[in-house]
Amino acid sequence: MTQSTQLKKIREKVFAGQRLDFDEGLFLHDQADLFDLGEMANQVRERKNGKTAYYNVNVHLNPTNICVYRCVFCAFRADLKSPKGYRMSDGEILERAAEAEARGATEMHIVGGLHHEMPYDWYLNIVRIIHQAHPKLHLKAFTAVEWDWFARLTKRPLKELMQEFREAGLGSIPGGGAEIFHPEVRDILCEHKADAEAWLKIHQEAHELGIKSNATMLYGSIEKPMHRIDHLLRLRDLQDRTGGFQTFIPLAFHPDNTKLSHIKKPDAITDLRIMALSRILLDNFPHIKAYWVMLGIRTAQVALSFGADDLDGTVVHEKIYHDAGSDTPQELSTMDIRRLIQEAGRIPVERDTLYHEVLREEGQRAFRIGERLELNQV
Ligand code: V47
Ligand code: SF4
């Protein structure tokens, strides 16, 4: 089959809502031009989410950066005795949660390092004290790597731990720690932490308990195209079985201050290609997120026409990407986010973590493209 016949066949499948296989994914990755990819991804995006672009009002909390692991792509972690290392007290954590509520946040995104000395109860207590003080905040807490660590610390079954956390106030699980599943890459990036099977099993168990989660892929370090396609299809396979994933977030590697600082950060074209490819291949994921902190505001805006239907949130206090060289602002106001979405020709909708629309004032639903918004400032 010639290249153009193959592309035509794939386009027809995508437009008919049919699933692509590994070879077709690889063909698109290597051969399709940016506009073909964008057109197909946008078709899938609009079929699933129309012209809507979601955002939420959230705050990040990284209770510690001290970590037993040494992932080579990570600029955030610190050794136990390092001057850069920190661990927040309960008081500092509660202060951050009070700040989140005062800003009108509906979500706290809580992830961090695996501290050498802190017991399981320390992590559980973080969720408990925040939930007790601010029961309306949705707590999206701890990546699969952290959950794997909790199971190693306690030697208890994961589902039991998740139940315990849910009773303490856990709402859902973020998508971090997935990196690249394929062992040829994973063994180099992060040798000792939860492997692909463990990561997928943890999300499966969460889904079986009715806990929703997200998924990510770290691209642009040492992986090859086939590793990216393999990663996406493993996620699609689990989603077929559980339906528990809400959002996929492609994460571009940021090299500054990491052991891979000789590698160049992916360019905007790569970012858009991966965004589009993810939307096309992950036909069973409801949402694809253009995480503006990682992409930069301009590329995130364009990504809303290359498959993405979500910009994440106001964020505030982001450390992981800023430690690794991100020059995006520390936060965006909801007014900024709504304006960015409208400029991209999309309809801004504030969502909560589980994608319910948040209506803050009477009539907000009426806001449409072109209107200048003064509402929703927090
Ligand atoms: O697990 C760490 C990645 C993840 C670097 O679920 C890096 O809604 C690039 O998962 N360059 C944490 N990536 C962030 C994350 C996330 C972000 C936004 C929303 C959600 C969600 C999840 O960041 C880590 C790791 O995969 N990461 N260091 C780096 N230098
Ligand atoms: Fe630790 Fe997470 Fe950084 Fe790996 S990515 S070193 S697990 S903080």
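Computation of the quantities below employed the complete heavy-atom set of this structure, encompassing side-chain atoms and omitting hydrogens, waters and symmetry-equivalent molecules. Read the numbers this way: they start at 1 and go in the same order the structure lists the ligands and their atoms.
Among the atoms of C71, an N, O or S atom falls under 2.8 Å of atom 4 (Fe) of ligand 2.
In this structure, A252 is part of the shell of residues with a heavy atom less than 4.0 angstrom from ligand 1. Assignment of G177 to the shell around ligand 1 is supported, since a heavy atom sits closer than 4.0 Å. Judged by the shortest distance from any of its heavy atoms, M294 lies outside the 4.0 Å radius around the atoms of ligand 1.
Among protein heavy atoms, the minimum distance from atom 1 (Fe) of ligand 2 is reached at C67 SG, 2.3 Å. Nearest non-hydrogen protein atom to atom 6 (O) of ligand 1 is G175 N, 2.8 Å. Atom 25 (C) of ligand 1 has E179 OE1, 3.3 Å as its closest protein atom, hydrogens excluded (heavy atom only). Counting only heavy atoms of the protein, atom 16 (C) of ligand 1 lies nearest to H109 CE1, 3.9 Å. For atom 3 (Fe) of ligand 2, the nearest protein heavy atom (residue, atom name, distance) is C74 SG, 2.4 Å. Looking only at heavy atoms of the protein, atom 17 (C) of ligand 1 is closest to Y291 CE2, 3.6 Å. For atom 12 (C) of ligand 1, the nearest protein heavy atom (residue, atom name, distance) is I320 CD1, 3.9 Å. Considering only non-hydrogen protein atoms, atom 10 (O) of ligand 1 sits nearest to G176 CA, 3.0 Å. For atom 23 (O) of ligand 1, the closest non-hydrogen atom on the protein side is Y321 OH, 3.4 Å. Scanning the protein heavy atoms around atom 2 (Fe) of ligand 2, the nearest turns out to be K193 NZ, 4.5 Å. What sits closest to atom 11 (N) of ligand 1 on the protein, heavy atoms only, is H254 N, 2.9 Å.
Residue contacts with ligand 1 for F73 involve both N, CA, C or O and side-chain atoms from C-beta outward (heavy atoms, distance under 4.0 Å). For A324, every heavy-atom contact with ligand 1 shorter than 4.0 Å involves the side chain, none the backbone. Proximity of V293 to ligand 1, defined as any heavy-atom pair under 4.0 Å, is not found for any part of the residue.
A 6.0 Å sphere centred on NZ of K8 holds no more than 12 heavy atoms belonging to other residues, nucleotides or ligands. Atom CZ of R298 has 12 or fewer neighbouring heavy atoms from other residues, nucleotides or ligands inside a 6.0 Å radius. Summarising the local packing, NZ of K259 is surrounded by more than 12 heavy atoms from other residues, nucleotides or ligands at distances under 6.0 Å.
Checking only distances, H60 never comes within under 3.5 Å of ligand 1, N or O to N or O.
Short contacts between ligand 1 and P174, defined as distances under 4.0 Å to a heavy atom of the residue, involve ligand atoms 6 (O). Atoms of ligand 1 found under 4.0 Å from any heavy atom of K140 (numbered from 1 in listed order, with element): 6 (O), 8 (O), 21 (C). Annotation for ligand 1: atoms under 4.0 Å from non-hydrogen atoms of N214 are 6 (O), 8 (O), 21 (C). Shown in contact with F73 at under 4.0 Å from a heavy atom are these atoms of ligand 2, numbered in order with element: 5 (S). Against a heavy-atom cut-off of under 4.0 Å, D312 is close to the following atoms of ligand 1: 19 (C). The ligand atoms of ligand 1 that sit less than 4.0 angstrom from a heavy atom of T216 are 10 (O).
In summary, the aromatic rings of W147 and F165 are positioned with their centroids under 6.0 Å apart. Separation of the H227 and Y219 ring centroids does not fall under the 6.0 Å cut-off.
Minimum heavy-atom separation, C74 to R77: SG-N, 3.4 Å. Here the closest non-hydrogen pair linking K140 and K289 is NZ-NZ, 4.0 Å. Nearest heavy atom pair, residue L218 against residue A252, reads CD1-C, 4.4 Å.
Scanning D323, T143, L251, V111 for the heavy atom closest to atom 4 (C) of ligand 1 points to L251.
Using a 4.0 Å cut-off between charged nitrogen and carboxylate oxygen, D195 and K193 do not count as a salt-bridge pair. Note on E24 versus K13: salt bridge recorded, some NZ/NE/NH1/NH2 to OD/OE distance being below 4.0 Å.
One hydrophobic cluster, built from ILVMFWY side chains closer than 4.5 Å, cannot hold both L80 and Y120; they sit in different ones.
A donor-acceptor pair under 3.5 Å is formed between the side chain of N284 and the backbone N or O of R236.
Side chain to side chain, D310 and Y355 meet the donor-acceptor criterion of an N or O pair below 3.5 Å.
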**OP:** Apply side chain to side chain donor-acceptor pair (under 3.5 Å) to the pair H115 and T64, showing each step before the final yes or no.
**Re:** CA-CA 7 Å; H115 196 290; T64 182; 4.6 Å; no

Subject >> Test side-chain contact (heavy atoms from CB on, under 4.5 Å) applied to R96 and M108, step by step >> reply: CA-CA 9 Å; R96 191 62 70 73; M108 274 196 102; 3.9 Å; yes

